[in-house]
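As structure tokens, the structure follows; a few thoughts come after it.
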2 protein chains.
Amino acid sequence: MVTKAGKAAKSAKQVRDAEATKIAILDAAEAEFAQYGLNAAKTEEIAAKTGVTKAMIYYYFKSKEDLYVAVLERIFFGRYMDSIQLEALEQLPPEQALEKLIRRQIATDFNYPHLGPIQIHEALQNQGKYYKHVLSSDRAQQVFGIVTKILERGMAEGCFRKLHPQHTVMNILGACNFYFTAYENFKYLWQGVPLLSPEMVEEHSQEVVDLILAGVRNREPRK
Amino acid sequence: MVTKAGKAAKSAKQVRDAEATKIAILDAAEAEFAQYGLNAAKTEEIAAKTGVTKAMIYYYFKSKEDLYVAVLERIFFGRYMDSIQLEALEQLPPEQALEKLIRRQIATDFNYPHLGPIQIHEALQNQGKYYKHVLSSDRAQQVFGIVTKILERGMAEGCFRKLHPQHTVMNILGACNFYFTAYENFKYLWQGVPLLSPEMVEEHSQEVVDLILAGVRNREPRK
DNA sequence: GTCTATACTTAGATAGAC
DNA sequence: GTCTATCTAAGTATAGAC
């Protein structure tokens with residue numbers, strides 16, 4: 001998502017504003033890295049999209065690698081974490097918590113379309129090397145632990161059947177994210193289906209919620 | 001997956017064998033494109049992995065782009081299609097067909113670890129441009145149509161609840177594939193869990209089968 | 001803080017010998 | 001069919017003027 005501050009600053013040309021320029025570069029870099037990943041992204045392109053010269057990138061971020069790390073951290077801590085709001089789910093009944101989690105995950109994928117692609121490129125191209133310190137941070141461990149806890153609580157209370165929490169977390173995220181990740185291929189398979197329209201995304205949410213909730217629900221509740 | 005013919009030919013050095021060299025190049029290119037995608041892949045690296053010089057790549061394939069297309073076609077028509085065997089599922093009862101489909105999809109992901117990454121890079125980096133003619137081919141349309149038909153048959157027969165077939169196809173594929181795609185990131189989140197061991201992949205299969213079958217099953221069958 | 005110009009490096013592609 | 005050498009383009013990064 002393009003930050004307003006960034007856009008505004010660079011459209012009113014030649015205004016010297018360090019913070020705005022930095023943000024504009026981060027915004028452009030985010031889009032470039034989302035499409036190409038660290039290795040195929042070009043600083044030239046990032047500069048062009050930003051509306052500044054390449055030299056500015058190196059002035060503010062020292063190297064392409066450093067810029068990449070800055071983008072990774074901003075999108076995870078500054079976007080994903082704020083948007084997914086996992087803490088708020090801890091107090092809800094397991095089924096409600098799971099439904100909200102799914103809806104928020106999909107809304108986040110839709111609102112921040114660069115998030116998923118950046119994470120995938122990082123996994124495939126760099127084997128998570130630059131993402132390691134993000135995901136092994138206390139904050140990330142704690143927040144993802146909440147999802148596992150929701151599933152365990154559901155099993156303990158008897159509303160969820162016996163599940164492997166870690167597998168289930170991945171399967172849920174897979175169902176949420178694949179839709180967006182694979183969209184550009186599937187549009188050729190299902191020509192004419194407007195997969196990325198808001199209506200279809202809403203349909204997607206509902207389908208995932210129905211599928212997953214039915215998939216985890218315990219059909220033989222204790223007496 | 002590295003083709004035997006390719007390996008063998010290039011380990012017995014300097015044997016002039018056009019077909020074997022071509023296969024060896026395709027094998028190396030497949031691995032390189034799986035990690036980096038078209039744009040970040042380097043012909044230099046492909047040549048080094050193959051054990052031949054860069055010039056050979058251009059002798060056999062004319063350009064990096066042409067080599068990429070050759071890899072895409074081979075992995076889809078020559079690997080995926082043979083491995084997934086969708087035609088064999090048409091006659092089975094819907095639930096059995098769906099279970100087999102999931103198990104085969106995951107086995108295919110495991111046996112051909114380059115397949116998923118190549119497809120994803122193609123979607124993200126090139127918006128499916130080079131994959132278009134593959135996925136809009138009669139063969140692909142027909143084969144993926146089988147999956148949709150299995151779901152529709154299940155609904156017609158009353159064993160599946162009301163589903164949107166296209167969403168369901170994507171959600172199933174997402175649950176199957178995300179495990180492998182995101183592995184390199186999740187290993188940092190769940191340190192010590194051997195996600196890619198054969199035992200865990202078997203567990204993954206079982207979890208997805210259980211989740212999806214429970215998720216689509218009709219709980220109020222007609223009388 | 002921003003630009004222009006440029007050094008340095010790598011990667012795609014080809015020519016020509018063997 | 002394979003290699004060495006090389007051309008050319010593109011990309012990362014820096015120096016220095018404004």
Side-chain angles (χ1 to χ4, degrees), chain A residues 5-29 31-33 35-71 121 125-126 130, chain B residues 5-33 35-72 121 125-126 130:
Chain A
K7 272 255 168 150
K10 301 321 292 179
S11 57
K13 281 175 186 170
Q14 299 308 78
V15 179
R16 292 195 174 204
D17 182 339
E19 203 46 42
T21 302
K22 220 176 152 179
I23 289 172
I25 292 172
L26 279 169
D27 288 341
E32 178 77 4
F33 287 132
Q35 179 164 191
Y36 296 109
L38 170 61
N39 304 282
K42 302 172 192 175
T43 54
E44 180 63 57
E45 277 300 307
I46 295 170
K49 280 184 210 166
T50 306
V52 298
T53 61
K54 260 190 294 185
M56 282 288 87
I57 292 175
Y58 292 93
Y59 174 72
Y60 283 108
F61 295 97
K62 210 186 96 194
S63 69
K64 187 171 90 159
E65 211 177 345
D66 283 10
L67 172 58
Y68 179 68
V69 171
V71 167
H121 276 133
Q125 291 193 3
N126 313 318
Y130 298 94
Chain B
K7 272 256 169 154
K10 300 322 293 180
S11 59
K13 283 175 186 172
Q14 301 305 77
V15 179
R16 293 195 173 202
D17 181 339
E19 204 46 43
T21 302
K22 220 175 153 179
I23 290 172
I25 292 171
L26 280 169
D27 287 343
E30 188 181 295
E32 178 77 3
F33 287 132
Q35 179 166 0
Y36 296 108
L38 170 61
N39 304 283
K42 301 174 193 176
T43 54
E44 180 64 59
E45 276 300 305
I46 295 170
K49 280 184 211 167
T50 306
V52 297
T53 61
K54 256 193 297 185
M56 282 288 89
I57 292 175
Y58 293 92
Y59 174 73
Y60 282 108
F61 294 96
K62 209 186 97 195
S63 69
K64 188 170 90 160
E65 209 177 346
D66 283 10
L67 172 58
Y68 179 68
V69 171
V71 167
L72 271 189
H121 276 133
Q125 292 194 2
N126 313 317
Y130 298 95

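Every chain is numbered from 1 and lettered A, B, ... according to where its sequence line falls, protein lines coming before strand lines.
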Evaluate Thr50(A) against Asp27(A) for side-chain contact (heavy atoms from CB on, under 4.5 Å), listing each step before the verdict.
CA-CA 8 Å; Thr50(A) 306; Asp27(A) 288 341; over 6 Å; no
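- Within the nucleic acid shown, Ala55(A) comes within 4.0 Å of at least one base atom, counting heavy atoms only.
- Rounded to an integer number of Å, the gap from NZ of Lys54(B) to C1' of dT10(C) is 9 Å.
- For Tyr58(B) and dT14(C), the shortest distance from a side-chain N or O to OP1 or OP2 is not below 4.0 Å.
- Of all nucleotides listed (dA13(C), dA13(D), dG1(C)), dA13(D) comes nearest to the side chain of Ser63(A).
- Summarising the geometry, the separation between CG on Asn39(B) and P on dG11(D) is reported as 11 Å, rounded to the nearest angstrom.
- Each of dG12(C), dT2(C), dC3(D) was ranked by its minimum atom distance to the side chain of Tyr59(A); first place goes to dT2(C).
- Distances shorter than 4.0 Å separate none of the side-chain N or O atoms of Thr21(B) from OP1 or OP2 on dG1(D).
- In this structure, NZ in Lys22(A) is found 13.5 Å from CD1 in Ile57(A), a value given to the nearest 0.5 Å.
- When heavy atoms are screened at a 4.0 angstrom cut-off, Ala41(B) is found touching the sugar-phosphate backbone but no base atom.
- Atom CD1 in Ile23(B) sits roughly 14 Å away from atom P in dG1(D) (whole-Å rounding).
- Atom OH of Tyr36(A) is separated from atom P of dT12(D) by 13 Å (rounded to the nearest Å).
- In this structure, OH of Tyr60(A) is placed 10 Å from P of dC3(C), rounded to the nearest angstrom.
- Rounding to the nearest 0.5 Å gives a distance of 15.0 Å between OH of Tyr130(B) and NE2 of His121(B).
- For Thr53(B) and dT4(D), the shortest distance from a side-chain N or O to OP1 or OP2 is not below 4.0 Å.
- Note: CD (Glu45(A)) to C1' (dT12(D)) measures 14 Å, nearest angstrom.
- Applying the side chain to side chain contact (heavy atoms under 4.5 Å, CB included) test between Leu67(A) and each of Phe33(A), Tyr58(A), Tyr60(A) identifies Phe33(A) as the sole match.
- Across the protein-nucleic acid pair, Phe33(B) atom CZ and dA11(C) atom P stand 14 Å apart, rounded to whole Å.
- Residues Tyr68(B) and Asn126(B) form a side-chain contact, since some pair of their non-hydrogen atoms from C-beta on lies under 4.5 Å apart.
- Ile57(A) places its CD1 atom 17 Å from the P atom of dA15(D), with the value rounded to the nearest Å.
- Within 4.0 Å (heavy atoms only), Thr43(A) reaches sugar-phosphate atoms of the nucleic acid but no base atom.
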